[in-house]
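Here is the naming used below: chain letters follow the sequence lines, and residue numbers restart at 1 for every chain.
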Amino acid sequence: MQSTHDHPFTSGLISWYRQHARELPWRHTQDPYAIWLSEIILQQTRVAQGLPYYRKLLEVFPTVKDLAKSDESVLFRHWQGLGYYSRARNLHKAAKIIVNQFGGKFPTTYDEWIKLPGVGPYTAAAIASFAFGEVKPVVDGNVFRILARYFGIRTDILHNSARKEFTSLAQELIPKDQAAEFNQAIMDFGSIQCSPAPNCSSCPLSTACYAFQNKQVNQLPVKQKKTKQRDRYFNYFIFEQGNKLLVRERKAKDIWSGLWEFYLIESDQKEDLSDLLEKNGFLATYLQGALVQPMISPKVHILSHQKIHCQAWYIQVPDNLEFSKIAPYQWIQPEDFEKLGKSVLLLNLITDNLHLGIFNDSVPR
DNA sequence: AAAACGGGGAC
DNA sequence: GTCCCAGTTTT
């Protein structure tokens, strides 16, 4: 099995893996569909978080054909809570390409896979190696970290040139007859052994590891500081009239595109209700004679690069009040709204305010 | 080359 | 609080 001229890193890694491999459902198959789905889900997502979504999506969409013929909104609803929603959009787009242009036949090579939307260098390498045995190394956060430490590489892993450099090294290390196993192994090694806070004392590779031998484990890999997050202020107005809610789909190039929400006024600082009414005169007319109740707001919602400060009010509009010119907002029944994808911020807002009776105790989650 | 894109878990 | 995760796309 094992080539005698493997690099010590490679032989040590494979040996470690044979004792410590994680038990993961997508490792029991060579079905490109299941592997592709798992890899999209796992982009920037921990296994534990993605696992339930993987099982559910495979159940709802057993084949690429089921996915391609489905309505995108159904996929979004199932993707709800997983984040990075453009993944769902690209997954759906790629499914349609595979079914409508490729006759339902999956690509079999890295070069073909990477042309599909949502499939970049990492995912193409993962699918090509796991499903088809192609000798392409996966290069993700784990690989950057492991190779930077073991070989003492100081290239900033967020720099443009880093991928080329680490891919080139990984390509030398990956065994031609065990590409898939090497790639699986390096993922588990990065997750279990050489994690961000590594377990060097039990590591079989430590004697040859540059970072460990030079006490630089905490300095490697080198990674540029992240940009600081922006503060945003979301003021939601939950308008209800005749058992219908005023909602819209977010479509801008912004967070949560494709998800649904209530009437939103964004401000650049915290505003109280009177300020908001003053600056949005038309709102005041809608609130004439309406019952306005402040809602319990979720705590500040933290994203990678934004802090969303949220306030909300529940507005019961009298049936006789004309409520016009609200595009792109539309009136919808709560049970239909439940079927649409929503941000976790909105889900928290809803669950925190069940006492208002807006959703008749049915939690849209 | 840099920024945008979610949510959650580990420390 | 900070870091960062089986990254990709857009600017």
Side-chain angles (χ1 to χ4, degrees), chain A residues 22 24-27 34-54 76 79-91 93-94 113-130 136-146 156-164 166-167 170 180 182-192 194-199 218 221 223-230 232 250 252-259 298-308 341-348:
Chain A
R22 286 181 293 184
L24 300 172
W26 43 86
R27 287 188 176 158
I35 291 170
W36 169 48
L37 181 61
S38 74
E39 293 301 340
I40 300 299
I41 289 172
L42 268 34
Q43 287 170 3
Q44 293 290 282
T45 303
R46 292 176 184 280
V47 167
Q49 188 187 0
L51 202 37
Y53 287 84
Y54 172 78
F76 266 88
W79 205 270
Q80 172 177 291
L82 193 53
Y84 282 149
Y85 298 92
S86 64
R87 289 184 294 176
R89 175 155 292 136
N90 286 329
L91 185 74
K93 276 165 65 178
W113 272 103
I114 202 169
K115 293 176 186 165
L116 289 169
V119 178
Y122 164 79
T123 304
I127 299 170
S129 65
F130 297 152
K136 285 279 186 182
V138 292
V139 180
D140 73 329
N142 291 305
V143 177
F144 280 125
R145 186 174 58 251
I146 294 164
D156 181 340
I157 63 173
L158 290 188
H159 192 276
N160 220 338
S161 63
R163 170 165 295 280
K164 188 180 292 184
F166 283 86
T167 302
F182 177 88
N183 281 340
Q184 300 282 20
I186 206 162
M187 293 301 171
D188 279 3
F189 190 72
S191 171
I192 298 168
C194 196
S195 50
N199 303 303
N218 294 325
K223 192 172 184 179
Q224 191 183 35
K225 293 284 179 285
K226 68 172 189 316
T227 56
K228 86 178 217 337
Q229 45 197 183
R230 174 167 65 112
R232 299 176 73 175
R250 292 179 65 90
K253 289 188 187 305
D254 193 359
I255 55 170
W256 304 328
S257 182
L259 301 185
K299 297 200 186 343
V300 180
H301 192 72
I302 305 291
L303 283 57
S304 314
H305 44 288
Q306 297 184 18
K307 281 169 75 171
I308 313 290
K342 291 166 285 291
S343 68
V344 168
L345 168 56
L346 217 63
L347 294 171
N348 288 338

Pair A:K342-A:Q80, side-chain contact (heavy atoms from CB on, under 4.5 Å): steps then yes or no: CA-CA 6 Å; A:K342 291 166 285 291; A:Q80 172 177 291; 3.9 Å; yes
Check the pair A:W26, A:V47 against side-chain contact (heavy atoms from CB on, under 4.5 Å), reporting the backbone distance first and the verdict last. CA-CA 11 Å; A:W26 43 86; A:V47 167; 4.2 Å; yes
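When each of A:S161 and A:L303 is assigned the nucleotide of DNA chain B bearing its nearest heavy atom, the one mapping closer to the 5' terminus is A:S161. A residue-by-residue look at A:D254 and A:H159 shows that A:H159 has its nearest nucleotide of DNA chain B further toward the 5' end.
The CD1 atom of A:I308 sits 12 Å away from the C1' atom of B:dC5 (whole-angstrom rounding). Atom CZ in A:R250 sits about 12 Å away from atom C1' in B:dG6, given to the nearest Å. One interatomic measurement links the two molecules: CZ of A:R230 to C1' of B:dC5, which rounds to 12 Å at whole-angstrom precision. For the pair A:N218 CG and C:dT2 C1', the interatomic distance rounds to 14 Å; values are reported in whole Å. Distance A:I146 CD1 to C:dC4 C1': 14 Å, rounded to the nearest Å. Whole-Å rounding puts the A:L158 CG to C:dC3 C1' distance at 12 Å. Computed from coordinates, the A:K228 NZ to C:dT2 P distance equals 12 Å when rounded to whole Å. As a whole-Å value, the separation of A:R87 CZ from B:dG7 C1' is 9 Å.
Nearest heavy-atom pair across A:R27 and A:R22 is NH1-O, 2.9 Å. Of all the heavy atoms in A:I255 and A:I308, the pair that sits closest is CD1-CD1, 4.0 Å.
Of the P atoms belonging to B:dC11 and C:dA6, the separation is 13 Å, rounded to the nearest Å. Nucleotides C:dC3 and B:dG7 are separated by 14 Å at their C1' atoms, to the nearest Å. Spacing of C1' atoms, C:dT9 relative to B:dG8, comes out at 23 Å, to the nearest Å. For the C1' atoms, the distance linking B:dC5 with C:dC5 amounts to 14 Å, nearest Å. Separation of the C1' atoms belonging to C:dT8 and B:dG9 is 23 Å when rounded to the nearest angstrom.
Close to B:dG7, at under 4.0 Å from its OP1 or OP2, lies a side-chain N or O of A:H301. Here A:H305 reaches the OP1 or OP2 of B:dC5: one of its side-chain N or O atoms lies under 4.0 Å away.
Looking at heavy-atom distances under 4.0 Å, A:L82 makes contact with a base. A:S195 comes within 4.0 angstrom of nothing in the nucleic acid, heavy atoms only.
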Output side-chain donor-acceptor pairs under 3.5 Å for residues 115-127 of chain A, partner residues at least two apart or in another chain, one line each.
{"residue": "A:K115", "atom": "NZ", "partner": "A:E112", "partner atom": "OE2", "Å": "3.4"}
{"residue": "A:Y122", "atom": "OH", "partner": "A:E39", "partner atom": "OE1", "Å": "2.8"}
{"residue": "A:T123", "atom": "OG1", "partner": "A:Q43", "partner atom": "NE2", "Å": "2.9"}

Encode nucleotides 6-11 of chain C as B, S and - characters from 5' to 3', where the letter depends on protein heavy atoms closer than 4.0 Å: B to the base, S only to sugar-phosphate, - to neither. BBSS-S
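The CG atom of A:L82 sits 5.5 Å away from the CD atom of A:Q49 when rounded to the nearest 0.5 Å.
Between the side chain of A:R87 and the backbone N or O of A:W79, no donor-acceptor pair lies under 3.5 Å. For A:Q224 (side chain) and A:H159 (main-chain N/O), no donor-acceptor pair under 3.5 Å exists by modelled atom type.
Here C:dC5 is the nucleotide among B:dG6, B:dC5, C:dC5 with the atom lying nearest to any side-chain atom of A:K223.
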